[in-house]
Amino acid sequence: MNPSSPFLQIDDLFNLSSRIAELSWQPFRPGIMIHRLYGDGISGPAAALLHFLETTAVPEHSHDGYEHIIVLAGSQRDEWGNLPVGTLRVHSPGTNHKVVAEKGCLVLAIYEKPVRFVENTVSEK
């Protein structure tokens, strides 16, 4: 977020995937790019856009705070089911899961606290 601006605004959020090249992306995990909106993902709250390429998986991780996921394009799944475009999922503190995006996806992730990775490798594709 720009310190000279009092707010962050993303217009036409559910059509952001058609403008994905307009954003600055950084590598996050193998097959996943991140565009941070605020926070560093290490301490305190954070929000980011995550762009999953096809057949990408996120290893098991734990949530110490609430995590809000909004699927903007594509879909992903975890042990609790499939999340198609337009889905909002809120994970409560103390929950663990793995995420798989067979055909890729774009999500908005908002974290109360950083996640802790339980595994160091991607085991599911």
Side-chain angles (χ1 to χ4, degrees):
M1 190 166 357
N2 184 341
S4 64
S5 177
F7 59 86
L8 169 70
Q9 180 170 318
I10 300 173
D11 294 324
D12 204 13
L13 187 62
F14 283 95
N15 289 315
L16 186 62
S17 63
S18 68
R19 305 183 324 269
I20 206 161
E22 296 174 10
L23 300 173
S24 59
W25 297 95
Q26 302 296 319
F28 178 61
R29 299 195 65 82
I32 304 171
M33 302 298 285
I34 189 168
H35 175 81
R36 293 196 184 277
L37 302 174
Y38 64 82
D40 59 10
I42 298 170
S43 64
L49 295 164
L50 297 171
H51 181 214
F52 290 69
L53 303 178
E54 289 186 13
T55 65
T56 300
V58 176
E60 184 176 358
H61 55 281
S62 177
H63 299 283
D64 292 333
Y66 286 97
E67 174 196 54
H68 300 77
I69 296 291
I70 301 172
V71 181
L72 304 175
S75 67
Q76 61 178 225
R77 68 175 167 81
D78 64 8
E79 297 86 337
W80 309 106
N82 191 46
L83 287 78
V85 66
T87 300
L88 165 66
R89 164 86 63 85
V90 179
H91 291 107
S92 300
T95 58
N96 287 29
H97 67 136
K98 298 177 187 177
V99 177
V100 178
E102 285 99 358
K103 295 183 180 180
C105 66
L106 177 64
V107 302
L108 170 61
I110 304 170
Y111 302 95
E112 179 183 21
K113 296 181 179 179
V115 300
R116 287 183 295 111
F117 286 95
V118 177
E119 301 175 356
N120 290 323
T121 60
V122 176
S123 59
E124 183 178 358
K125 293 230 176 211

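Heavy-atom basis, side chains included; hydrogens, waters and symmetry copies ignored. Along the sequence shown, residues carry numbers from 1.
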Compare all side-chain heavy atoms of I110 with those of Y66 and state whether any distance is below 4.5 angstrom. no

Please list every donor-acceptor pair under 3.5 Å in which a side-chain atom of residues 20-28 meets a protein atom from a residue at least two apart or in another chain.
residue, atom, partner, partner atom, Å
W25, NE1, I20, O, 2.9

Beyond-backbone contact of P45 with Y111, side-chain heavy atoms, under 4.5 angstrom: no

Could you pull out all residues at least two apart from S18 that satisfy side-chain contact (heavy atoms from CB on, under 4.5 Å)? N15

Looking only at heavy atoms, what is the nearest atom pair of Q76 and C105, with distance? NE2-SG, 3.5 Å

Side-chain contact, heavy-atom cut-off 4.5 Å: V107 with R89? no

Common cluster, W80/L88, ILVMFWY with side-chain heavy-atom separation under 4.5 Å: no

Nearest heavy-atom neighbours spanning G41 and A46: N-CB, 4.0 Å

P114 and G44: which non-hydrogen atoms are nearest, and at how many Å? CD-O, 3.6 Å

What distance separates T56 OG1 from I32 CD1, expressed to the nearest 0.5 Å? 5.5 Å

Can you see which heavy atom on F14 is nearest to which on G86, and at what distance? CE2-CA, 3.9 Å

Non-hydrogen side-chain atoms of P59 and R29 separated by less than 4.5 Å: yes

Going by heavy atoms in the side chains, are R19 and D12 under 4.5 Å from each other? yes

Find out whether E67 and H97 are in side-chain contact, i.e. whether some heavy atom of one side chain is under 4.5 Å from a heavy atom of the other. yes

Could you grab the distance from atom OG1 of T95 to atom CG of D64, nearest 0.5 Å is fine? 9.5 Å

Rounded to the nearest 0.5 Å, how far apart are NE2 of H35 and CG of L108? 10.5 Å

Using the rule given for side-chain contact (heavy atoms from CB on, under 4.5 Å), can you reason through I10 versus L37, listing the C-alpha separation, both sets of side-chain angles and the distance that settles it, and then say yes or no? CA-CA 10 Å; I10 300 173; L37 302 174; 4.0 Å; yes

Under 4.5 Å between side-chain heavy atoms, hopping through other hydrophobics if needed: is there a path connecting I42 to I34? no

How long is the straight-line distance from OG1 of T55 back to CD of E102, given to the nearest 0.5 Å? 9.0 Å

Distance from H63 atom NE2 to N96 atom CG, nearest 0.5 Å? 7.5 Å

With rounding to the nearest 0.5 angstrom, report the CD1 to OG1 distance, I69 to T87. 11.5 Å

Spell out, yes or no, whether L53 and V100 are grouped together once hydrophobic residues are joined by side-chain heavy atoms under 4.5 Å, including indirect joins. no

